[in-house]
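A note on names: the letters A, B, ... follow the listed sequences, proteins ahead of strands, and every chain is numbered from 1.
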2 protein chains.
Amino acid sequence: MTSERTYHHGDLRRALLTAALDVVAADGPDALSLRDLARRAGVSHAAPAHHFKDRAGLLTAVAAEGYALFADTLADAPDLRERGVAYVRFATRHPAHFQVMFRPELYRADDPALLTAKARATETLRAGISTLPDAAHGEDPRLTGVAAWSLAHGFATLLLTGNLSDALEGRAPEDAFRALAGLVFAPGAAEEP
Amino acid sequence: MTSERTYHHGDLRRALLTAALDVVAADGPDALSLRDLARRAGVSHAAPAHHFKDRAGLLTAVAAEGYALFADTLADAPDLRERGVAYVRFATRHPAHFQVMFRPELYRADDPALLTAKARATETLRAGISTLPDAAHGEDPRLTGVAAWSLAHGFATLLLTGNLSDALEGRAPEDAFRALAGLVFAPGAAEEP
DNA sequence: CGCCGGATCTAGCCATTGACAAGATACCGG
DNA sequence: CCGGTATCTTGTCAATGGCTAGATCCGGCG
């Protein structure tokens with residue numbers, strides 16, 4: 001057991017982060033209260049400050065962890081389409097990370113650790129474009145990148161905000177996105193039997 | 001002048017809404033404080049409660065107004081592509097409305113007025129799909145709709161979170177999206193001279 | 001004209017929160 | 001064994017949302 005009841009918690013930082021992820025996944029980042037996290041961890045209301053300085057500090061840590069996880073996840077996908085599917089899957093499996101990552105006003109976007117993780121994720125995303133057959137590149141590959149990113153991000157966002165629940169009709173989001181991506185990026189060619 | 005300094009404000013409701021839009025556009029919905037709005041309007045800290053009940057009530061009004069405006073804007077666009085452009089334009093011109101609309105945890109999503117406005121917007125969006133040439137419909141037109149929606153929504157969202165600033169290189173967002181949409185939905189055919 | 005009821009706004013209060021400061025306690029290296 | 005530092009606690013303050021009770025204004029009706 002990691003928390004017996006000593007003066008020192010053992011791994012308060014991790015405990016607070018985990019509790020924060022729970023809260024955010026359940027009720028969104030706005031519902032997150034440092035004092036509530038402290039209560040959950042069984043420490044005093046000022047204990048979190050020592051590890052994260054303030055609310056923004058905690059959320060910076062969440063975002064940084066999210067970007068790192070994100071980069072790992074994306075790197076595992078073979079081609080652009082599966083990378084999009086991984087994007088959507090990440091959003092559904094790690095909704096707390098995802099939500100915080102894309103609300104920069106919540107954290108310190110200039111944090112070094114966060115910037116490194118984010119750069120890695122961005123690079124992975126960019127690399128995915130090159131897996132497209134040359135014909136599918138527009139004149140401007142950068143624009144193609146933005147298109148792919150927008151498609152995946154929009155789908156994930158709409159999904160998390162509950163705007164797709166009726167359109168999907170119980171279908172697994174990832175499968176729906178796979179079909180949708182094929183529809184858009186490889187018209188009439190990439191449908192699997 | 002609409003506010004001379006009487007006991008009754010004249011149009012406090014509108015004044016509060018307008019002030020709220022300013023704050024949200026500048027610093028996001030989290031920065032919004034009922035007491036601050038009251039101060040801006042020169043009324044007591046409890047005055048807003050009479051018009052909006054509570055914070056969620058005020059944001060419900062913002063979202064409802066947003067969906068109504070949104071439906072009007074989308075209806076003016078001739079085809080699907082321009083409807084997407086209008087989607088992006090709406091996000092840039094009415095960032096406060098847009099942000100609130102797509103954060104349902106901030107307001108009462110079952111509000112009748114809001115539901116009507118939202119239904120109208122959704123219907124307008126759905127109708128846009130039928131302007132596509134038949135060939136572009138996938139087997140499942142509903143999936144095509146989700147694809148179009150995701151593309152526009154993702155682009156708008158990434159834009160507002162500052163994630164596209166470098167990829168666009170000073171280009172006007174609407175133009176960038178127009179090019180991008182042509183690239184995706186009418187491959188090689190719809191490029192304008 | 002007078003007055004009454006409802007709409008609008010004010011004043012006061014309480015619990016909760018984030019942030020800060022000062023002090024207590026536990027752990028670690030020498 | 002001892003001093004220093006990291007970790008945690010206690011106490012405090014201003015700001016906020018939300019509630020209740022009361023003041024003020026407006027319009028209609030006798």
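Whole-Å rounding puts the A:His51 NE2 to D:dA6 P distance at 12 Å. As a whole-Å value, the separation of A:Leu34 CG from C:dT17 P is 10 Å. Rounded to a whole Å, the NE2 atom of B:His50 is 19 Å from the P atom of D:dG17. When rounded to the nearest whole Å, the span between CZ of B:Arg35 and P of C:dA11 equals 13 Å. Distance B:His45 NE2 to D:dA14 P: 17 Å, rounded to the nearest Å. Protein atom CG of B:Leu32 is 11 Å distant from nucleotide atom P of D:dG18, rounded to whole Å. Here the P atom of nucleotide D:dG18 and the CG atom of B:Leu59 are 10 Å apart, to the nearest Å. For the pair A:Leu16 CG and D:dT7 P, the computed distance is 12 Å after rounding to whole Å.
In summary, of the residues considered (A:Arg13, A:Arg14, A:Lys118), a salt bridge (Lys or Arg N to Asp or Glu O under 4.0 Å) with A:Glu65 occurs for A:Arg14 alone.
Aromatic ring orientation, B:His97 versus B:Phe90: tilted (interplanar angle from 30° to 60°). Between A:Phe98 and A:His153, the angle of the ring planes lies from 30° to 60°, which puts this pair in the tilted group. A:Phe102 and A:Phe70 have perpendicular rings, their planes meeting at more than 60° on a 0 to 90° scale where under 30° would count as parallel.
Between B:Ser44 and A:Ala56, the residue anchored closer to the 5' end of DNA chain C is B:Ser44, taking for each the nucleotide with the nearest heavy atom.
For B:Arg55 against D:dG18, a side-chain-to-base donor-acceptor contact under 3.5 Å is absent.
The side chain of A:Arg13 places no N or O atom within less than 4.0 Å of a non-bridging phosphate oxygen (OP1 or OP2) of D:dC8. Within the structure, every side-chain polar atom (N or O) of B:Lys53 is placed at least 4.0 Å from both OP1 and OP2 of D:dG17. OP1 or OP2 of C:dG18 sits under 4.0 Å from a side-chain N or O of A:Ser33.
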